Amino acid sequence: MSIALFVLRRLGRGVFTIWFAVTVTFLLLRLLPGDPALAVASPNMTEETRAALLTQYGLDQPLIIQYFIYLGRLVTGDLGTSFTQSIPVVDVLLQRLPWTLVLTASALVLTVLLGIPLGVLAASRRGKAMDRFVQILGVTGQSLFVPSVGIALLLLFGLWLRWLPIGGAYDDAVYGVAWYGSVLQHLLLPALSLTLIQLGSYVLTVRATLIDALGDDYVTLAKANGLSPRRILWKHALRNALLPATTLIGLQLGFLVGGAVLTETVFAYPGIGRGIYEAVTQLDFPVLQGAFLLLAVTVVVANMLTDIVYGFLDPRVKTA
Amino acid sequence: MTAPIPEAALEPIPEPIATGGSRASRATWRAFRKQPLGLLSLAILGILILISIAAPLLAPYPASYGTDVLKPPGGGYPLGTDALGRDLWGEIVWGTQQSVLVAVAASAIAIAFGTLVAVLGAYIPKLDAVIGVVVDLTLSLPVLPLMILVAALVGPSTSTIILVVAAFSWPEVTRIVRSQALAVVKLPYIDAARLMTRNHLWIIGRHVVPAVAPVIVVSVVVTASRAVLSAAGLAFLGLGDPTTWSWGRILYEAQASGAMVSAWWLTLFPSLAILALVLSATLLSIAYNDARNPRNHDR
């Protein structure tokens, strides 16, 4: 398959996935018990404001027409108005999005940086004590509840040792280079919590695929050719084993975003997740709806980009 | 929240096992008995289920406010008290009941629906194409924010949480069961069954479902533990049933009242409870998978 066709197909699938997310949201809002008008109009509004909003969003129209009005509004980036802040939901969320992106991206980088060496360590000492240890860590890591990890780190490093700040994303009182330093300081604990819950399954996957790769014929050939075990492990087997591990990261992006929502809540980190928490307490439905759609689009775009980049790096992806 | 399916639960089964049979299950049980971690997890799960059944005998329901606010563990309170002076031990005990209930109910619904969809899809290829796409798309979306939206709209209650968690857990079940079912329906004995009867439901019920049963057992355990995490996640965001105690609600109240920073017991014990339940369920599924592998049976 040519690379252009491959990229086009991935783009098409991304658009299709986003359409699916939007349609599911629309159907959930309209068909669930509960007042669909809640998604745009607060019960606290006056009767006239409420009626005007309902007409504006076409909620007095038949379902199918409502659907197209809904699609049309989303395409133009209209996610409604926040009940509590009386500004467009898009503005509320877009100013929060960068923090969520920074948090999840650094958690991903940390996961890969820690996960690959741990996976290699376990696979190259298969059946030994180190392998058992890494496996136990991996399984335990998968069973952790995100807020529990966050709270534990917060109590330990934030309150008892006082090494790191316990909440927020930056220090108001500093400027320039020091500001970036404070951003890093505030980022460390949330990113670490998110990494810890993600790391287990990543390490176990790297380990399993690497063990598979080490049993392949080309590894035997490389051994017969007298290549050093180190070189075979890192240069040959690992490169082939990384494809499934990368695919796993893509599959888990949705899960990672869920983890980010909980982590941001623990650390009062001003991303979309903390926004969701605040919107829940205030029953701000337009924000909740917009947050899901924006996060869905983010996940889809991130997945698409990884796939395309990986398609250039690894020819197997294009044919798969 | 959708935790990733443990890698061990996804390890390919050596070959589609056509008939379970009582001899095979006895061999599985013999192999399982030799795994200390598997037995330990089974024991922990058993204890948690006992606690949830015996909750009224173990502690009075912590409803009223007490005067002993934020007492550390010890004295009259084995696990301490919360910001409103309620006994944490009672909250944990009653929270166990809620967590076990949500896990059992949500995973039962998700398993029943997910298996049905998977098996029907495997049996009817045209349907399978659609199911495959829907499952892939759902799994690629951030499910927790969607659960939050739905739970907030419908209003928090135990039945809402069960239904919401089940509604977004079945695709994972379908994905696991489907890959096995697709292999099973291609086997000769299914063709033979088709020659014997035109009753497709009978073939599905008598031959396809039993053949995928081991995968279903694994996904029951995995889905249930994920349901606990999802329900706790929703409760931690304030979407738990406000009239019932749950582990997530204890954490939510500790965070919301600000007691979290001074009273370590308020976050440690519910966290340990969640970890005990989820970890033992995960270990149990791994041990069961190992025991089911005929290579680990002694002849």
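In this text the structure is predicted, and so the values were computed from the model without any measurement. Side chains are part of it too, since the values below use all heavy atoms of this structure and drop only hydrogens, waters and symmetry mates. A note on names: the letters A, B, ... follow the listed sequences, proteins ahead of strands, and every chain is numbered from 1.
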Enquirer: Does any backbone or side-chain atom of A:Val139 lie under 4.5 Å from a heavy atom of chain B? Answer side chain, backbone, both or neither.
Expert: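 Both backbone and side chain of A:Val139 come within 4.5 Å of chain B.
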
Enquirer: Can you tell which part of A:Ile272 gets under 4.5 Å to a heavy atom of chain B, answering side chain, backbone, both or neither?
Expert: neither

Enquirer: By a 4.5 Å heavy-atom criterion (distance strictly below it), what part of B:Leu139 contacts chain A: side chain, backbone, both, or neither?
Expert: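 For B:Leu139, the contact with chain A is made by the backbone alone.
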
Enquirer: Sort B:Ser225 into side chain, backbone, both or neither according to what part of it lies under 4.5 angstrom from a heavy atom of chain A.
Expert: neither

Enquirer: Testing A:Leu156, A:Leu153, A:Leu194, A:Val149 one by one against A:Leu189 for a side chain to side chain contact (heavy atoms under 4.5 Å, CB included), which residue passes?
Expert: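 Filter result, single survivor: A:Leu153.
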
Enquirer: Below 4.5 Å, heavy-atom pairs only: which of A:Asn303, A:Thr140, A:Ile151, A:Thr25 has the largest tally toward chain B?
Expert: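 Going by pairs under 4.5 Å, I would pick A:Ile151.
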
Enquirer: Any chance the side chains of B:Glu172 and B:Thr223 put a donor and an acceptor closer than 3.5 Å?
Expert: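 Side-chain D/A pair, B:Glu172 to B:Thr223: absent.
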
Enquirer: Does any backbone or side-chain atom of A:Ala291 lie under 4.5 Å from a heavy atom of chain B? Answer side chain, backbone, both or neither.
Expert: neither

Enquirer: Could you tell me whether B:Arg249 and B:Glu91 make a salt bridge, using a distance below 4.0 angstrom between a side-chain N and a carboxylate O?
Expert: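 So B:Arg249 does not pair with B:Glu91 through a salt bridge.
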
Enquirer: Answer with side chain, backbone, both or neither: which region of B:Val134 has an atom nearer than 4.5 Å to a non-hydrogen atom of chain A?
Expert: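 Both parts, backbone and side chain.
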
Enquirer: Between A:Arg207 and A:Asp131, is the closest basic N to carboxylate O distance under 4.0 Å?
Expert: yes

Enquirer: Hey, which of A:Ile166, A:Leu155, A:Val287 has the most heavy atom pairs under 4.5 Å with chain B?
Expert: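 It is A:Leu155.
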
Enquirer: For the residue pair B:Tyr252 and A:Tyr277, categorise the inter-ring angle as parallel (less than 30°), tilted (30 to 60°) or perpendicular (more than 60°).
Expert: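 B:Tyr252 and A:Tyr277: perpendicular rings.
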
Enquirer: For the residue pair A:Trp163 and A:Phe157, categorise the inter-ring angle as parallel (less than 30°), tilted (30 to 60°) or perpendicular (more than 60°).
Expert: tilted

Enquirer: Could you tell me which portion of A:Val266 (side chain, backbone, both or neither) has an atom closer than 4.5 angstrom to a non-hydrogen atom of chain B?
Expert: both

Enquirer: So which part of B:Ser280 gets closer than 4.5 Å to some heavy atom of chain A, the side chain, the backbone, both or neither?
Expert: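 No part of B:Ser280 comes within 4.5 Å of chain A.
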
Enquirer: Taking A:Glu278 first and then A:Arg96, would you say they form a salt bridge - that is, a charged N and a carboxylate O separated by under 4.0 Å?
Expert: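 A salt bridge is present here (some side-chain N lies under 4.0 Å from a carboxylate O).
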
Enquirer: Please verify the inter-ring angle class for A:Tyr70 with A:Phe26; under 30° counts as parallel, over 60° as perpendicular, anything in between as tilted.
Expert: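 Taking A:Phe26 first and then A:Tyr70, their aromatic rings sit tilted (interplane angle of 30° to 60°).
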
Enquirer: So which of A:Thr298, A:Thr265, A:Leu293, A:Val300 has the biggest tally of heavy-atom pairs under 4.5 Å with chain B?
Expert: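 The candidate making the most pairs under 4.5 Å is A:Thr265.
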
